[in-house]
Amino acid sequence: MAIKVLVKDFTPELSAGIRFLSAGSLMLAFARFKGFEFLNNAIDILRVSFVGLLLLSGCNGIVTWTMQWVDSGIASIILTLFTIFTTIIEVLAFRKKVMGIYGWIGLFVSFSGVTVLVYFGNSVGSIDLKGAILLVLAAISLAYGAVYSKKSSRQVQ
């Protein structure tokens, strides 16, 4: 919803840039303050850059852009699909063990819960097909980025 408010006054690119420049600067300052070690080889930098591309541009960039014409309640429902996409990607692409019945029930309950909250909160607007398709792509990008990040972080030590 905050993104929806921002894109009323700023272009999507500028609003996302302001958010990420602010957050990135704070995170960098915190990491320097705590003395965290930074990546120093090309492979690790490429892995982290790929994750950033998927999460920042692929997900957050698309979400910010579509907030110009998509209702934030509809966006939250569609983006909740990322949990289902994450599970599918882990099973198909990374050959992880299939989730048990309680896991699938949990996914269904979480998706249903968001839908009920949005519906009864009167946050449901009209559904824009182009925006909905783009938001599904954003959810897939978020899911793949999350799975890839988890997998590649084990290699970056």
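The basis for the numbers below is simple: all heavy atoms, side chains too, and nothing from hydrogens, waters or symmetry mates. Each residue takes its place number in the sequence, starting with 1.
- Residues Leu54 and Phe50 form a side-chain contact, since some pair of their non-hydrogen atoms from C-beta on lies under 4.5 Å apart.
- Leu56 and Ile62 are not part of a single hydrophobic cluster, where members link through side-chain heavy atoms under 4.5 Å apart.
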Test log, rule side-chain contact (heavy atoms from CB on, under 4.5 Å), inputs Leu79 and Val63: CA-CA 9 Å; Leu79 288 172; Val63 170; 3.6 Å; yes
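- Apart from Val109 itself, the hydrophobic cluster it occupies contains Ile101, Tyr102, Ile105, where clustering links Ile, Leu, Val, Met, Phe, Trp and Tyr at side-chain heavy-atom distances under 4.5 Å.
- Note: Ser25 OG to Phe20 CZ = 13.0 Å, rounded to the nearest 0.5 Å.
- When every heavy atom of Gly145 is checked against every heavy atom of Val51, the shortest pair comes out as O-CG1, 4.1 Å.
- A 4.5 Å side-chain heavy-atom check between Phe85 and Leu142 finds every atom pair outside the cut-off.
- Environment of CD1 in Ile43: sparse, with no more than 12 heavy atoms of neighbouring residues, nucleotides or ligands closer than 6.0 Å.
- Using a 4.5 Å cut-off on side-chain heavy atoms (C-beta onward), Pro12 and Gln68 make contact.
- The shortest side-chain heavy-atom distance between Thr87 and Thr83 does not fall under the 4.5 Å cut-off.
- Taking both residues in full, the closest heavy atoms of Ile78 and Ala139 are given as O-CB, 4.1 Å, listed atom of the first, atom of the second, then distance.
- With values rounded to the nearest 0.5 angstrom, Leu107 atom CG is found 10.5 Å from Leu81 atom CG.
- Closest heavy-atom contact between Ser15 and Thr64: OG-CG2, 3.5 Å.
- Between Ile77 and Phe111 there is a side-chain heavy-atom pair separated by less than 4.5 Å.
- Expressed to the nearest 0.5 Å, how far CG of Leu21 lies from CG of Leu14 amounts to 10.5 Å.
- The closest side-chain heavy-atom distance from Ile88 to Val91 is not below 4.5 Å.
- Minimum interatomic distance between Cys59 and Leu55 (heavy atoms only, all atoms of both residues): CB-O, 3.3 Å.
- Counting all heavy atoms, side chain and backbone alike, Ile89 lies closest to Ala143 at CD1-CB, 3.9 Å.
- Remark: Arg47 is not positioned above the aromatic ring of Tyr148, lacking an NZ or CZ atom under 6.0 angstrom from the ring centre and at most 45 degrees off the axis.
- Rounding to the nearest 0.5 Å gives a distance of 12.0 Å between OG of Ser141 and CG of Leu135.
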Residue pair Ile84, Phe108: steps toward the side-chain contact (heavy atoms from CB on, under 4.5 Å) verdict: CA-CA 9 Å; Ile84 296 168; Phe108 176 75; over 6 Å; no
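- Residues Ser22 and Ile18 share a closest heavy-atom pair of OG-O, 2.8 Å.
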Derivation of the side-chain contact (heavy atoms from CB on, under 4.5 Å) call for Val136 and Ile140: CA-CA 6 Å; Val136 168; Ile140 292 169; 4.1 Å; yes
